[in-house]
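Input: a single structure, listed below in structure tokens.
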Amino acid sequence: MIFTVAIDGPAAAGKGTISKAVAAHFGFAHLDTGLLYRAVGAKVLAGGEPVAVARALDPVDLEDDSLRTPAVAQAASEVAVIADVRSALVDFQRKFAARDGGAVLDGRDIGTVICPDAAVKLFVTASAECRADRRYKELSGKGLDVTSEQVLADVRERDARDSSRATAPLIAADDAVIIDTSDLTIDAAVARAVAVVEAAKRAVG
Ligand code: CDP
């Protein structure tokens, strides 16, 4: 059974948490596509050439805890502007989406570019302040030396770059269901997402 759930949205809106929970609930595989761009960004910070690095990316490159730092997030959004970097990563994402048994992919352009025919499209968002607050707690909880002002500035800078780029900008697909998590608990946001997927599964039988 091919059943793809596309979950897009800006930084720290709750996509990752919702995606993991939806995948676990339905027994689907999950791909955090941000890790692809983060892995390319990290290799570029280490001196690599963006397009060459993207073409040579290996799935094991995604299993690296150091990809979660603010410096790598910024580098990811810089390489994500490059059209040849994005196209080098398309096949891997589409193959993952088409795997038997169902797949959840989260990112910025899954419902618009990678999987325009996805069975379910969600756009998960929240105010910039809310998202920065969550990301600040996540990063400082891991012992990273960050200030809330810096995290908010980083989130805004990345939002602006991701939304204004020419190739695959961050935008909700016309047929996406919007979930604003600003005033939702994690459980409530997950329940909403699960209900949308459940309804779509029933519709396809
Ligand atoms: O976790 P967070 O939402 O902060 O970021 P991420 O999903 O790991 O993505 C890091 C960066 O990769 C984003 O700011 C985007 O520039 C880029 N990205 C993208 O362009 N397209 C995707 N499908 C996923 C991420």
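Just so you know, these numbers use all the heavy atoms, side chains as well, and skip hydrogens, waters and symmetry mates. We count ligands from 1, going down the list as the structure has it; atoms in each ligand are counted the same way.
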For [X], the ligand 1 atoms whose distance to one of its heavy atoms is below 4.0 Å:
X	value
Ala12	3 (O), 4 (O)
Lys15	3 (O)
Asp162	13 (C), 14 (O), 15 (C), 16 (O)
Ser77	14 (O), 16 (O)

Of the protein's non-hydrogen atoms, which lies at the shortest distance from [atom], and what is that distance?
atom	answer
atom 17 (C) of ligand 1	Ala80 CB, 3.8 Å
atom 20 (O) of ligand 1	Arg86 NH1, 2.7 Å
atom 2 (P) of ligand 1	Arg38 NH2, 3.6 Å
atom 24 (C) of ligand 1	Thr33 OG1, 3.5 Å

Does a side-chain N-to-carboxylate-O contact under 4.0 Å join [X] and [Y]?
X	Y	value
Lys15	Asp32	no
Arg158	Asp154	no
Lys201	Glu198	no
Asp109	Arg86	yes
Arg131	Asp159	yes
Arg156	Glu129	yes

(request) Check whether more than 12 heavy atoms from other residues, nucleotides or ligands sit under 6.0 Å from atom CG of Leu152, and answer yes or no. (result) yes
Item to check | Min heavy-atom dist Arg165 to ligand 1 below 4.0 Å | outcome: yes
message: Quick check on Glu78 - does any of its heavy atoms sit under 4.0 Å from an atom of ligand 1?
response: no
Under 3.5 Å, N or O to N or O, is [X] touching ligand 1 that way?
X	value
Gln93	no
Tyr37	no
Arg108	yes
Arg158	yes

Side chain to side chain contact (heavy atoms under 4.5 Å, CB included) test vs Thr33 passes for just one of Asp8, Leu105, Asp106, namely Leu105
Going by the 4.0 angstrom heavy-atom rule, the piece of Ala13 near ligand 1 is neither
Quick look: Glu138 vs ligand 1, heavy-atom contacts under 4.0 Å, and the answer is neither
*May I ask you to check if Arg94 and Phe92 form a cation-pi contact, with NZ or CZ under 6.0 angstrom from the six-membered ring centre and within 45° of the axis?*
no
